[in-house]
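Each remark here refers to the structure printed beneath this line.
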Amino acid sequence: MMEKLLGRCVASWCAGAAGVVGAVRLSGGASQETWSFDIVHPGGNIGAILRRAPQGYGAAPARAAGLNAEAVLMQRAYAAGVPSPRVLHVLQPQDDLGTGFIMERVDGETIPRKILRDDQFAQARPKLARQLGEVLAGIHGLALPQLPELRRMTAAKEIAELERDYRGFDWPRPVFELALRWLRDSDPGPSEQVTLVHGDFRHGNLIIGPDGVRAVLDWELAHLGDPMEDLGWVCVNSWRFGEIDKPVGGFGSREELFAGYESAGRRIDPARVMFWEVMGTLRWGVMCCGMMQRFRIGPEHSIERAMIGRRSSETEIDLLRLLAPRA
């Protein structure tokens, strides 16, 4: 059924397409899905990815930009030379596929364990941190007037949302209380720079090849705000996967990340980056608690949710390490 729908859709915009083969659902729940497939074409098959919300599930969660906005962001990024998959088609009502878009499939790896351990990435690892700084500079340099409508976030709004979510669990955690107090006391105020913020720039959302960064994925949490947020988020210890002495994804240093960012003509504020690293660590901890809460009280007692929920204790250790010299 899906191959038939995709084949009809592809024929409407891809000249010469002779159909679709190998449609496989990669991930997704009831509201969003990701499919991989190949477009059969005389010039050679074209690897493609469909991201969609089926009909009846078009509304985006409160923090999400929405699939249509994601498509525009990826088009703008690709046009500006930021490594991003090329968007081939934005779904239309007549496609009968819901809301979403089709993008070109990019070869590479997203699994952190492989990126940090496998020999094929050995040459790439030493230069990844600097490359990520350069990529973030490109994202933050995208012209705001050309972007879709996005929510505007500040540190104060983020703290308020985190506290609301945390209190809603009715699950007191002294370290989270400490972090919330520190964040309120240390809020540097609105950023002088307001840019596009990717919002989830980390392992899992980056396609890496032996040559380095090939594409940035999952723009669903993009918003306007302090560009230092992205730099702090990528340094959160949870994304180092055991390589805690290499703050940037377990493969590089903050200095390398900052050097790549500044080489593109953008300015770093290390104090703001550290503030956002603390914020990001607490945010991930609250998200983990949310997973555990859904495991405990929801109808679907997923072991995956329980495993992620368990990681909230790891974020408490990370917060204590970050705040000990600052509290």
Side-chain angles (χ1 to χ4, degrees), residues 26-27 32 34 36 47-51 63-88 90 100-112 114-116 121 124-125 127-144 146-148 150 195-236 238-241 248-252 256-258 260-261 263-264 266 273 276 280:
L26 301 179
S27 65
Q32 286 200 9
T34 302
S36 175
I49 296 288
L50 165 70
R51 275 179 52 78
R63 291 179 64 90
L67 288 169
N68 286 338
E70 276 193 72
V72 175
L73 290 170
M74 293 172 68
Q75 288 169 328
R76 298 291 182 267
Y78 183 86
V82 175
S84 175
R86 183 164 64 101
V87 174
L88 301 173
V90 177
F101 56 90
I102 295 171
M103 58 185 174
E104 203 164 41
R105 192 168 62 234
V106 177
D107 291 333
E109 186 56 73
T110 61
I111 299 174
K114 294 184 177 182
I115 295 167
L116 294 176
F121 303 107
R125 282 192 288 270
K127 57 187 180 184
L128 283 176
R130 184 181 179 94
Q131 284 185 347
L132 292 187
E134 294 167 352
V135 171
L136 280 176
I139 291 172
H140 298 161
L142 293 177
L144 298 187
Q146 297 179 9
L147 303 181
L150 299 168
T195 71
L196 172 65
V197 177
H198 180 275
D200 202 11
F201 191 85
R202 60 170 176 85
H203 267 307
N205 293 336
L206 301 166
I207 297 179
I208 307 296
D211 51 340
V213 183
R214 289 183 174 175
V216 180
L217 304 175
D218 290 350
W219 297 69
E220 63 183 344
L221 296 180
H223 57 275
L224 303 181
D226 184 348
M228 299 299 103
E229 178 182 347
D230 276 335
L231 289 113
W233 182 244
V234 77
C235 291
V236 168
S238 295
W239 319 139
R240 303 177 200 174
F241 294 90
V248 184
F251 46 67
E256 291 167 323
L257 176 73
F258 295 172
Y261 193 78
S263 72
R266 300 199 65 86
V273 173
W276 283 107

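Keep in mind that what you see is a predicted model, and the values were worked out from it rather than measured. All values below come from the heavy atoms of this structure, side chains included, with hydrogens, waters and symmetry mates left out. We count residues from 1, following the sequence as given.
- Here the closest heavy-atom approach between residue Asp218 and residue Arg51 is recorded as OD1-NH1, 3.8 Å.
- By the 4.5 Å heavy-atom criterion applied to side chains, Leu88 and Phe101 are not counted as neighbours.
- Panel note: side chain Arg214, backbone Pro85; no donor-acceptor pair is recorded below 3.5 Å.
- In this structure a side-chain-to-backbone donor-acceptor pair under 3.5 Å is missing from Asp200 to Leu221.
- Phe251 has its side chain within reach of Leu116: a pair of non-hydrogen atoms, C-beta onward, lies under 4.5 Å apart.
- Of the residues listed (Leu217, Ile208, Ile115), the one engaging Thr110 in a side-chain contact (heavy atoms from CB on, under 4.5 Å) is Leu217, and it is the only one.
- Side chain of Glu256 to main chain of Ala129: no donor-acceptor pair is present (N/O by atom type, distance under 3.5 Å, no hydrogens or angles).
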Criterion side chain to side chain contact (heavy atoms under 4.5 Å, CB included) on Val273 and Phe258, from CA distance to verdict: CA-CA 10 Å; Val273 173; Phe258 295 172; 4.0 Å; yes
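- Considering all non-hydrogen atoms of both residues, Ser36 and Arg105 come closest at OG-NH1, 3.0 Å.
- Distance alone, capped at 3.5 Å, places no donor-acceptor pair between the Arg76 side chain and the Leu142 backbone.
- Considering only heavy atoms from C-beta on, Asn205 stays 4.5 Å or farther from Val216 through its side chain.
- Separating the CD atom in Glu104 from the CD1 atom in Ile49 is a distance of 11.0 Å, to the nearest 0.5 Å.
- Val213 has its side chain out of reach of Glu134: every pair of non-hydrogen atoms, C-beta onward, lies at least 4.5 Å apart.
- Two residues are said to be in side-chain contact when any heavy atoms from C-beta on lie closer than 4.5 Å; Phe201 and Val135 meet this criterion.
- For Tyr261 against Leu136, the heavy-atom pair with the smallest separation is CE1-C, 3.9 Å.
- Rounding to the nearest 0.5 Å gives a distance of 14.5 Å between CZ of Arg202 and CZ of Arg240.
- Looking at His140, its side chain never comes within 3.5 Å of a backbone N or O of Asp226 through a donor-acceptor pair.
- Here the closest non-hydrogen pair linking Leu196 and Leu144 is N-CD2, 3.7 Å.
- Using modelled atom types, no side-chain atom of Trp219 and backbone atom of Ala65 make a donor-acceptor pair closer than 3.5 Å.
- Side-chain contact between Ser263 and Arg130 is present, with at least one heavy-atom pair separated by less than 4.5 Å.
- Interatomic distance, CD of Glu229 versus NE2 of His223, reported as 3.5 Å (0.5 Å rounding).
- Across Tyr78 and Ser84, no two heavy atoms sit closer than the pair CD1-O, 3.1 Å.
- Between Met228 atom CE and Trp276 atom CH2 the span is 11.0 Å, to the nearest 0.5 Å.
- Going from atom CD of Gln75 over to atom CZ of Arg86 covers 11.0 Å, rounded to the nearest 0.5 Å.
- Heavy-atom minimum distance, Ala222 versus Leu73: CB-CD1, 3.5 Å.
- Formation of a donor-acceptor pair under 3.5 Å by the Asp230 side chain with backbone atoms of His198 is found in this model.
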